[in-house]
Amino acid sequence: MKPIIDILEQRIAPILAQLAPDIPNPSAIVKPSQDPRFGDYQANGIMALAKQLKTNPRELAQQVVDQLNVSDMCEPPEIAGPGFINFRLLPAWLTQKLTQAIQDPDRLGVDTLSDPKKVVVDFAGPNLAKEMHVGHIRSTIIGDVIARILEFGYNEPNNIIRQSHVGDWGLPFGMLVTYLRENTPEAASNPENIKIADLEEFYRAAKQRFDSDETFKQNAYKATVALHEHDQDTLEIWKHIVAESRIHAQAIYDKMNIKLRVEDERGESAFSKDLPDVVKSLADANILQESQGAQCVFLDGFKNKEGNPLPLIVQKSDGAYLYATTDLAAIRFRAKQLKADRIIYVTDARQKLHFQMIFACARQAQWAPENVSLEHVPFGSVLGPDNKPFKTRSGENVKLKDLLDEATQRALKVVEAKNPDLPPEQKQQIAQAVGIGAVKYADLSNNLVGDYVFDWDKMLAMEGNTAPYLQYAYARIQSIFRKGDIDTDQLLANTDVLQLDAPEELTLAKHLLRYGEIIETVVRDLRPHLLTNYLFELAQNFSSFYTNCPVLKADAESTITSRLLLCHQTAHTLAHGLNLLGIKTIKQM
RNA sequence: GCGCCUGUAGCUCAAUUGGAUAGAGCAUCGGUCUACGGAACCGAAGGUUAGAGGUUCGAAUCCUCUCAGGCGUGCCA
């Protein structure tokens, strides 16, 4: 089914078109009402339209209502205030629609969005030379969630292409190759034996040599040049170091429940051979200029501190290429080769200017035509308790592995306290789901723009807008099904007994039917916190229902079944939504 | 200097992008209290939306200025 907003708008649209033939696409602008006194949904567009028509808004609203037929789904619409139209959904209609949603376990009654797009989501993209640290956490979490939501919304998983633009081609690798040759020449001559137990230590040792020894430094530069010139020996060692590094990154992804595979990786090295052609093409298109020895593109509207045109530098004065060059190669590849309709970049807000320039350049070079949407999803920084970028006490980056381990440890303590009798392996599994879920949910549940303070106690607090609260609501429902020894298949064979009477039942049902509306909005606006908010409210509505409406102890058999169906659909929606957030549910906690 | 972002209850954040009396969660106070899992529920209190103007039926949201903080601003990514 379409979102209720869309149903109402589409019913009103032809009436508006007829009443205002000269206004292009007049819209009813239907929104959920904030206050129950104004019904379930309200149309806000009449007043703006009346303004344009220079007519009385309430009279216009009356004309709309006179012609509008929504009697199958709503009580008679009311005109209120300066010209709102308020809609109250009929229980019978809600029952029918919710029944349909229950009978559709794969999509929960959510329509596929009508314009399935081919989308590239660029996220994660760590530097493979080092272990992932807290600086990578947001892009990784948010990008994965955006990809998951698009996969569901467009219902064409193969059209959603994850791209991890890893750093695997720079000086750090020249350092690592040189260090490996120096310290373990036996591995360097047999690269397939390269094993790096501690990637961070390996990098640190190489960096120390680099900083303290001039000969080493020169060798590292040489190795980097050799790499870029595709020297066979160097390339062979590089390949195995990258493979080892990738194992470390993959371990983090697995732990975090991030859907990223080796095939999704297309980093600097993959575009390295395209870079000369990027510059040449810009020159051929007459948009390349030399300035202070560097090859630059000057784009309209970008100024530096002196107020002079700000260049996008694509080739340094020493001939080397930069990340701008690689990003341009990538954008061209994604638009032309992958044929993406939307290209989404999930990076730090500090890169905003960079992407504005990259996008402008790609447009000017006609690598991304106007019908390809280029979208930067910027997000703020993770701060420590001192409101400064999150670091360890000694001022180093917090390793993602350590952070995730601590999350699990802390969650395990809580599980031990609450449920000491569970088998140890189950406690471990719960701690994993709760700890990782808490970290991810904390990251996703606020508006992306703006920094947030990393606070263990708040994210793992078992009350409030947190992952554990949602997981708890899910676990409680599972408990009902265990206690009542309910067979879900048998239950779902009786969906026609659904009946909504109690106010808590109606509130819950209305909320369940808004799932598609939320999905549609998030697919369009790429704001995951709208989904976390929705799920939190769902859990709250359920808790209220749960305390006020006995399920297994209800008076009539039909009420029991009906309420079990509500429970089932709530649990199913919670699990589905949490899965879109990359967060696991557990049956007990 | 210029540009971008942020400023909402004591704290952390919302407000479906211009809609009705700005909502949640923590914390505080009060209630439910042998419970289909109390990791819960119900209620109270808490606001000049940083400040000042403006736009209009209507502004936290749009415009102008001011204040405070963060980030960026040519060869790092």
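So that the names make sense, note that chain A is the first sequence line, chain B the second, and so on, each numbered from 1.
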Look at the side chain of [X] and the base of [N], then say whether one donor and one acceptor between them are separated by less than 3.5 Å.
{"X": "A:T466", "N": "B:rG25", "result": "no"}
{"X": "A:N86", "N": "B:rA20", "result": "yes"}
{"X": "A:Q42", "N": "B:rA20", "result": "yes"}
{"X": "A:R524", "N": "B:rU16", "result": "no"}

Margin query: Tell me whether the NZ or CZ atom of A:R514 lies within the 45° cone about the ring axis of A:Y534 and under 6.0 Å from its centre.
Written below: no
Next item on the list: Write down the distance separating the P atoms in B:rG7 and B:rA50, rounded off to the nearest Å.
Entry: 8 Å
Under 4.0 Å, counting only non-hydrogen atoms across every strand here, what does [X] touch: a base, just sugar-phosphate, or nothing?
{"X": "A:S543", "answer": "sugar-phosphate"}
{"X": "A:Y546", "answer": "base"}
{"X": "A:R514", "answer": "base"}
{"X": "A:Q471", "answer": "nothing"}
{"X": "A:A320", "answer": "nothing"}
{"X": "A:H354", "answer": "nothing"}
{"X": "A:N447", "answer": "sugar-phosphate"}
{"X": "A:N304", "answer": "base"}
{"X": "A:Q540", "answer": "sugar-phosphate"}
{"X": "A:P468", "answer": "nothing"}
{"X": "A:S317", "answer": "base"}
{"X": "A:S291", "answer": "base"}

Notebook entry, point to check: In terms of side-chain geometry, is the basic nitrogen of A:R350 or A:D348 positioned less than 4.0 Å from the acidic oxygen of its partner?
Noted result: yes
Item checked: A:N465 side chain to A:Y441 side chain, donor-acceptor N/O pair below 3.5 angstrom -> yes
Can I get a per-line list of side-chain donor-acceptor pairs under 3.5 Å for residues 415-423 of chain A, giving both atom names and the distance, sequence neighbours left out?
unit_1: A:E416; atom_1: OE1; unit_2: A:K427; atom_2: NZ; d: 3.1
unit_1: A:N419; atom_1: ND2; unit_2: A:M589; atom_2: O; d: 2.5

Note to self: Which label fits A:W456 and A:F454: parallel for a plane angle under 30°, tilted from 30 to 60°, or perpendicular past 60°?
What the structure shows: perpendicular
